[in-house]
Amino acid sequence: MPLAVIGAGAVGVTTALHLRRLGHDVTLLSTDAPGSENATSYGNAGWLSPGSVVPISMPGMWKKVPGYLLNARGPLRLRPASLPHIWLWLLRFVACGATPARARAIASALRPFLADAPERHARLAAEAGVPDLIQRTGLVIVYPDAAAYEADAFGWQLRRENGVRWRTLDRAALEAACPGLGPQYGFGALLPDGAHCADPGGYVAALAALARERGVRFAAGHVDGFVVEAGQVRGVRTAGGVVACGGVVIAAGMGARALGATLGDTIPLVGERGYHVQLPGVTDEPAIPVMMSDLKFGITPMTGGLRAAGQVEFAPDGAPPDWNRARILLDCLREGLPMMKIGGFGTVRHWMGNRPSTPDCLPVIGPSPTTRGVFYATGHGHLGLVSAPWTADLIGRLVIGAPVPEAAPYDPARFLRFRL
Ligand SMILES: Cc1cc2nc3c(=O)[nH]c(=O)nc-3n(C[C@H](O)[C@H](O)[C@H](O)COP(=O)(O)OP(=O)(O)OC[C@H]3O[C@@H](n4cnc5c(N)ncnc54)[C@H](O)[C@@H]3O)c2cc1C
């Protein structure tokens, strides 16, 4: 049965490759080429962390939000014009992890995506001929002091419950792991099983080249609808015409919301905008990725320079980027690594992208509630790069109609009655 995969980000490309490996006839259609700066998969922090089981929505989060919003240099911004469109989503988002039991349920539903992700990505990268893009150096999370680490105790408990290993670092050990780290950080945790991707855009492009070599057909083009006969999908519509198929995987990141709407499916994605700044040519960067827990941003050594990524901004769809958010990241980087020579904003690369986020912190993976043959693989929010291989695995079983009980938490039908 010919399958169409829509979207050439990390999720779509990995899924297309996997489906081809399973013997399907696969065409990948995408507005943007694999590895394009327009995809969120290009500009992320590259973290592949089993420790990311801790949901963004946690008990007590609502108490921290006003402080974040009132701090002009804080990690969160809400443009008032976006509020009428997203207030229901925001309420549900804050509620989804508001009790320990709810946060625990999210963490255990995220675990399968993360637990062996470094191994899965390392295998993929080796197969694609870019083994060096997956670096298994471990990851470090730093805190001002042990008390700040203790204040995150529930998050660390969730990690422990989900099999994540770490060891704590005092200031001397931190200095050894991350030379040049600001003196304000006196405590940390090293997650030895964590890894990072040193060029997410290049990695997606390499996986796409492998997929092409294995027989996946690529078609440039924006999909704007579907051909559906008697409730069964028969093709996808692009400006260039119809591509006939017997099944479709919608792996279009944020684009899945509009595509779902054409079928009558509610895929309640909100773009949590994030930013990065990247410093080409720095030589004194840390060799290991570091997350500054207080400033909520991560730094990652990339092949193209040191990248600082973070920030969450809610803005109306299509609003221009607020590069002040990227400037804040650059300031945070200066504070975090005071010994490093960092030039002005004009000397760094900057980027903005949309995390395709759901109101319950879980991805949307499974069959369309309305249309046979259509499957969603989206909504990965902060975790789309790391989660791509396990998502592809689930889709590979779902498209042949196999029972996949472990996909139940991600079923698109859970949003049947949700309105954005
Ligand atoms: C600042 C920041 C830091 C992050 N850090 C991490 C991290 O460290 N680790 C991690 O795992 N994740 C991280 N993320 C999240 C991660 O980047 C995303 O979850 C992931 O990239 C989503 O991948 P995707 O393939 O679903 O979407 P995308 O990468 O956005 O790709 C979607 C593709 O679909 C195409 N498309 C859309 N609509 C259509 C249409 N109608 N027709 C045809 N094609 C269409 C687009 O052209 C694009 O190619 C971060 C995100 C941000 C913003």
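Remember, predicted model here, so these are calculated numbers, not experimental data.
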Query raised in the report: What heavy-atom pair brings Ser30 and Asp32 nearest, and what distance separates the two atoms?
Result: OG-O, 2.8 Å
**Report entry** Nearest atoms (heavy-atom pairs only) where Asp199 meets Met302
**Finding:** N-SD, 3.9 Å
Report task. Taking all non-hydrogen atoms of both residues into account, name the closest pair between Ala251 and Val11 and its distance. Result -> CB-CG1, 4.1 Å
Query raised in the report: What heavy-atom pair brings Leu28 and Ala16 nearest, and what distance separates the two atoms?
Result: CD1-CB, 3.5 Å
Query raised in the report: Relative to the ring of Phe418, is the ring of Phe415 parallel (under 30°), tilted (30 to 60°) or perpendicular (over 60°)?
Result: perpendicular
**Report entry** Where at least one partner belongs to residues 51-67, residue pairs that pass side-chain hydrogen bond (donor to acceptor under 3.5 Å, both in side chains), sequence neighbours excluded
**Finding:** none
Query raised in the report: Using the ring of each side chain (for Trp, its six-membered ring), is Tyr149 parallel, tilted or perpendicular to Tyr143, with breaks at 30° and 60°?
Result: perpendicular
Query raised in the report: Between Pro286 and Leu337, is any pair of side-chain heavy atoms under 4.5 Å apart?
Result: yes
For residues 363-370, which side-chain N or O atoms pair as donor and acceptor with protein atoms under 3.5 Å away, sequence neighbours left out?
unit_1	atom_1	unit_2	atom_2	d
Ser368	OG	Asp265	OD1	3.4
Ser368	OG	Asp265	OD2	2.6
Ser368	OG	Thr370	N	3.0
Ser368	OG	Thr370	OG1	3.1
Ser368	OG	Thr371	N	2.9
Thr370	OG1	Leu263	O	3.1
Thr370	OG1	Asp265	OD1	2.9

Query raised in the report: Using the ring of each side chain (for Trp, its six-membered ring), is Tyr410 parallel, tilted or perpendicular to Phe113, with breaks at 30° and 60°?
Result: perpendicular
Query raised in the report: Tyr275 pairs by ring pair (Phe, Tyr, Trp, His ring centres under 6.0 Å) with which of Phe345, Trp323, Trp351?
Result: Trp323
Report task. Decide whether a cation-pi geometry holds between Arg79 and Phe314; the criteria are a distance under 6.0 Å from NZ or CZ to the six-membered ring centre and an angle within 45° of the ring axis. Result -> no
Query raised in the report: For atom CZ of Arg397, is the number of surrounding heavy atoms from other residues, nucleotides or ligands below 6.0 Å larger than 12?
Result: yes
